[in-house]
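Notes to accompany the following structure.
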Amino acid sequence: MSQDWDVIIIGAGTAGMPAAIFAAERNAKVLVLETAAEVGGTLHLSSGQMSAAGTRLQKEKGIDDTPTMHIEDIMRISQNTADRDIAGLAVDNAAETLDWLETINFKPLPDHPVKGQAHEPYSVHRYVWGEHLGKSILEVLIPPFESAVASGRVTLKLNTRVTALIQGQDGSVTGVTTQSDDGGSDTYSADSVVIAAGGYVANGAMYKELSGHPAYGDHSYPHCIGDGLNLGLTAGGTAWGHENYLTSFGVVMQSYDVPSKVRCRQIHWPERRMPWEIYINAHGKRFIREDEPSVDVREHAIQEQPDLRHWIVFDSTTLKEAPPLFATVSADDIKAAAENGEPMFYVADSIAALAEKAGLPSDALQETVNAYNDSQGSGQDLLGRKHMPRPVADGPFYAIRSQAFSVSSTVGLKVNTDLQVIREDGTPIAGLYAAGESLGQGAMMGSSFCGGMLVTPALTFGRMLGKSLLPLDQAARAAAE
Ligand SMILES: Cc1cc2nc3c(=O)[nH]c(=O)nc-3n(C[C@H](O)[C@H](O)[C@H](O)COP(=O)(O)OP(=O)(O)OC[C@H]3O[C@@H](n4cnc5c(N)ncnc54)[C@H](O)[C@@H]3O)c2cc1C
């Protein structure tokens, strides 16, 4: 079957749904192709935390903020590794996205916006999310998306994977080839094709090739297997962001499998809980002051450790007296898990026996514990730690293995500020656009995590493409003629 469309959108997720909604509002004839059996993509799993400067909500609460302040925060946090043009484009248009979401019934939590949560904080309160996290966004996108489908302006094909882009002799993209779940193959032609197919975190081989590390966490949307990036590259696009790989800190996995589901997250933010424990790498050494105030510094420190992991080591008095290490696993649960030999949890009567159980070098661990304990009285910790409530002294001793991993794709397709996919020489591939995680996280925040800088740009770029695609494409064609 072959049909003509104004716009084909590959993926009905965070970026694809607003692209379809806004293109339909302009009476475009839109085809949305979605490989999954449902719409929503990563919004089903995402924390849905968004950041935008100059929003109506901020103004109502008397918060002074501007896109310039937002991009300066991003460049500060990322130490100038984000792409100022593309992140700046997202930031310049983010307030309109948040304001639009509120008009379609998105409700931020009552005390929002906030400065930060899991990541390095912003300088002002500009960070919001809803009660059901990513699903709070999806819930408000579905009604306008469904009415666009009901109006006949958007045609949605689920269980339909785009497998190739069709190109004219001049390299311009003129359509797509698909494969449906029943094995059928179709082609569709269009003036513009938008890649909104997400990232590649669910593709272990691709993740390892692009980041140099296994995809340890089984925590991403299973259909995000890198099709967006691969389609764009095959069409002549170029990839960027490899140097920006970064993982989060302090996650305990359920099993030793790669990937594994997450069991619990350590409260490693000193502003929420001062550490009583010490952090040990695979060499049996401490590698950071555990009360390091910057989450960005902690995230970069774990990048340098073998297999991106550390062991949280403590004694039985700490287990009894310290504030909870995890929000969802109590001290009793830790004790039981270690005594039952559950993965990642270890207990032993001596440091040497603990090292053996946890797979750590025994002499090195003993030396590290001795040095830490010796520095207790002097207040002169070797790594500059200030909060030292007690030594690691009373057996039995515990260790919990913690894994760093990322839920997003660092590498993506390079685009220009019209969101056209570009070749290595910077020329655009006519008819081909991209938005969302297919652009890579590195573009938006470089080698750092800046709150909300994936969900908001995905929604924003989808919205912008939906609003502008036809004129842009016509302009490009006119320029080419
Ligand atoms: C657990 C978790 C928490 C997160 N929390 C946050 C957060 O708080 N804030 C933040 O900014 N970011 C967060 N992120 C990242 C953010 O949610 C994603 O980057 C963003 O939602 C991706 O949007 P997208 O439109 O690019 O992809 P998606 O929303 O995943 O949509 C892509 C769609 O394309 C479809 N697709 C894929 N390949 C094809 C193909 N070949 N043909 C047709 N369809 C295809 C997929 O099925 C999917 O529906 C989080 C991610 C995860 C996993």
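Both ligands and their constituent atoms are indexed starting at 1 by order of listing. Computed from a prediction, not measured in an experiment: that's the story for all the values here.
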Part of [X] within contact of ligand 1 (heavy atoms, under 4.0 Å):
X: Thr160; result: backbone
X: Leu33; result: backbone
X: His219; result: both

Of the protein's non-hydrogen atoms, which lies at the shortest distance from [atom], and what is that distance?
atom: atom 19 (O) of ligand 1; value: Glu437 OE1, 2.4 Å
atom: atom 51 (C) of ligand 1; value: Val407 CG2, 3.6 Å
atom: atom 8 (O) of ligand 1; value: Gln49 N, 3.0 Å
atom: atom 27 (O) of ligand 1; value: Gly198 CA, 3.3 Å
atom: atom 46 (C) of ligand 1; value: Glu34 OE2, 3.4 Å
atom: atom 42 (N) of ligand 1; value: Val162 N, 3.0 Å
atom: atom 13 (C) of ligand 1; value: Ser46 OG, 3.5 Å
atom: atom 20 (C) of ligand 1; value: Thr14 OG1, 3.7 Å

Under a 4.0 angstrom heavy-atom cut-off, which atoms of ligand 1 come close to [X]?
X: Cys224; answer: 30 (O)
X: Asp227; answer: 38 (N), 40 (C), 41 (N)
X: Gly436; answer: 26 (O)
X: Gly13; answer: 29 (O), 31 (O)
X: Ala196; answer: 31 (O), 32 (C), 33 (C), 34 (O)
X: Met453; answer: 11 (O)
X: Gly11; answer: 33 (C), 34 (O), 35 (C), 44 (N)
X: Ala15; answer: 25 (O)

Could you tell me if the ring centre of His70 sits under 6.0 Å from that of Tyr122?
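Judged by ring-centre distance (under 6.0 Å), His70 and Tyr122 do meet the cut-off.
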Does any N/O atom on [X] come nearer than 3.5 Å to any N/O atom on ligand 1?
X: Tyr221; result: no
X: Ser47; result: yes
X: Val455; result: yes
X: Leu454; result: yes

Can you measure from [atom1] ([X]) to [atom2] ([Y]) and round to the nearest 0.5 angstrom?
X: Asn203; Y: Leu210; atom1: CG; atom2: CG; value: 9.0 Å
X: Gln266; Y: Ile312; atom1: CD; atom2: CD1; value: 3.5 Å
X: Thr55; Y: Glu96; atom1: OG1; atom2: CD; value: 12.5 Å

Are the side chains of Ile71 and Arg84 in contact, using a 4.5 Å heavy-atom criterion?
yes
Could you tell me if the side chain of Thr155 sits less than 4.5 Å from the side chain of Trp5, heavy atoms only?
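A side-chain contact exists here, since the closest heavy-atom pair is under 4.5 Å.
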With a cut-off of 6.0 Å (strictly less than), are more than 12 heavy atoms of other residues, nucleotides or ligands near CD of Glu424?
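No, CD of Glu424 has 12 or fewer neighbouring heavy atoms, counting only those of other groups under 6.0 Å.
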Surrounding CD of Gln79 (heavy atoms of other residues, nucleotides or ligands, distance under 6.0 Å), is the total greater than 12?
no
Ser408 near ligand 1 by a heavy-atom separation under 4.0 Å
no
With a 4.0 Å cut-off, would you call [X] and [Y] a salt bridge?
X: Glu290; Y: Arg298; answer: no
X: Asp6; Y: Lys29; answer: no
X: Asp186; Y: Lys157; answer: no

Locate the shortest heavy-atom distance separating Ala87 from Ala443; write the atom from each residue and the value.
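Closest pair (atom of Ala87, atom of Ala443, distance): CB-O, 3.9 Å.
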Parallel, tilted or perpendicular for Phe249 and His310, by the 30°/60° rule?
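If you compare the ring of Phe249 with that of His310, the planes turn out parallel.
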Step-by-step salt bridge (charged side-chain N to carboxylate O under 4.0 Å, His left out) determination, Asp425 to Arg423:
CA-CA 5 Å; Asp425 63 7; Arg423 302 182 182 88; 5.3 Å; no
